[in-house]
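Order of appearance sets the numbers: ligands from 1, and atoms from 1 within every ligand.
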Amino acid sequence: MPWEDRPEGCKNVMWRYSGNPIIGRDALSTSNSIFNSAVVPYGDGYAGVFRCDDTNRRMRLHVGFSKDGVNWDIEEEDIKLVGGDEEVGKWVYGYDPRVTWIEDRFYVTWCNGYHGPTIGCAWTDDFKTFHQLENAFLPFNRNGVMFPRKINGNFAMVSRPSDNGHTPFGDIFYSESPDMKFWGRHRHVMSPAAFEVSAWQCLKIGAGPIPIETSEGWLMIYHGVLQSANGYVYSFGSALLDLEEPWKVIARSGPYLIAPREIYELAGDVPNVTFPCAALHDPATRRIAVYYGCADTVTSIAFGYIDEIVEFTKKTSIV
Ligand code: BMA
């Protein structure tokens with residue numbers, strides 16, 4: 001997986017790749033921006049589902065492949081989902097995908113246009129054909145992120161009920177499904193933090209990459225939003241959730257892991273956004289590479305060690 005050692009003198013828990021951004025806005029002939037995208041190990045390399053907004057500013061999903069996780073070939077043609085129910089399968093828009101392997105196939109979730117944003121679901125085993133499933137929830141909802149294994153015998157997902165616009169609120173909820181069709185057992189996970197406790201996450205929060213199972217609980221990296229004089233600022237931090245009852249929060253970082261400060265995070269179509277949607281990790285070395293969208297324009301990577309992030313989450317916890 002992609003990796004670069006912590007720079008000399010750097011004391012931060014996570015650090016940025018020196019070659020950021022790894023995917024520019026013009027990687028496709030028709031792209032305005034490529035960001036908020038998901039990658040997984042696949043074959044002898046990696047595959048991904050990328051959010052590509054075109055120059056009509058239509059939000060589309062595209063497949064990409066990479067040998068090293070850094071240099072990506074993204075297909076010019078957008079994903080055409082198959083097999084969806086007639087009512088749900090009509091493409092409106094799709095953005096902010098997440099991908100995970102569960103048991104025998106890859107599942108993709110994304111923010112799917114259906115009378116407003118909700119959580120679309122599909123599966124694939126070859127990154128060629130994507131079989132559309134039912135939307136998980138009613139609109140309006142965003143940031144649907146599945147767990148990488150069944151919990152209590154069911155598929156499990158966190159999501160963030162929202163409104164139809166640039167939602168000025170948002171809590172993370174947990175839901176289960178026996179069949180990827182009917183979702184229930186909804187549980188509240190966490191709310192934005194109090195402004196005076198942890199301001200970067202005081203307006204709304206939403207899950208990012210697929211949670212990583214550790215001996216201390218599910219490591220969930222999530223974004224949080226601060227409403228500044230200049231608009232929303234998107235940073236990300238970490239939480240630990242109970243392994244069998246993931247709506248129970250064990251710890252949650254007060255400080256952020258990454259917040260906008262590099263020029264490619266500060267300037268773009270939407271300034272001041274770092275928005276993680278995927279992470280690669282290596283169980284042997286405990287390394288993690290988080291893929292995050294920058295300023296709604298380009299895609300970058302940040303590195304860290306799982307155990308250090310777990311320690312940081314516990315040490316700085318605000319719960
Ligand atoms: C959110 C989503 C993200 C986006 C962010 C900042 O509501 O639409 O796709 O990165 O806003 O614009």
S.K.: Looking only at non-hydrogen atoms, which of Y292, Y232, Y234 approaches atom 7 (O) of ligand 1 most closely?
M.R.: Y234
S.K.: Between W218 and W247, is the gap from one ring center to the other below 6.0 Å?
M.R.: no
S.K.: Should R51 be counted as touching ligand 1, given the test is an N or O pair under 3.5 Å?
M.R.: yes
S.K.: Does the T124 side chain pair with the main chain of T129, one donor and one acceptor, at a distance under 3.5 Å?
M.R.: yes
S.K.: In terms of residue, atom name and distance, what is the protein heavy atom nearest to atom 10 (O) of ligand 1?
M.R.: D296 OD1, 2.6 Å
S.K.: In the protein, what heavy atom is nearest to atom 8 (O) of ligand 1, and what distance, to one decimal place, separates them?
M.R.: Y95 CE1, 3.8 Å
S.K.: Checking R252 against Y222: is there a side-chain donor and acceptor pair closer than 3.5 Å?
M.R.: yes
S.K.: Would you mind checking which non-hydrogen protein atom is closest to atom 2 (C) of ligand 1, with the distance to 0.1 Å?
M.R.: D96 OD2, 3.6 Å
S.K.: Is a donor from one side chain sitting under 3.5 angstrom from an acceptor on the other, for E262 and N20?
M.R.: no
S.K.: If you measure from each non-hydrogen atom of H166 to ligand 1, which part falls under 4.0 Å: side chain, backbone, both or neither?
M.R.: neither
S.K.: Using heavy atoms and a threshold below 4.0 Å, how should the contact between T167 and ligand 1 be classified: side chain, backbone, both, or neither?
M.R.: neither
S.K.: Is S37 reaching over with its side chain to a backbone N or O of R51, donor-acceptor style, under 3.5 angstrom?
M.R.: yes
S.K.: Run the ring-centre check on W123 versus Y107 and record whether the distance is less than 6.0 Å.
M.R.: no
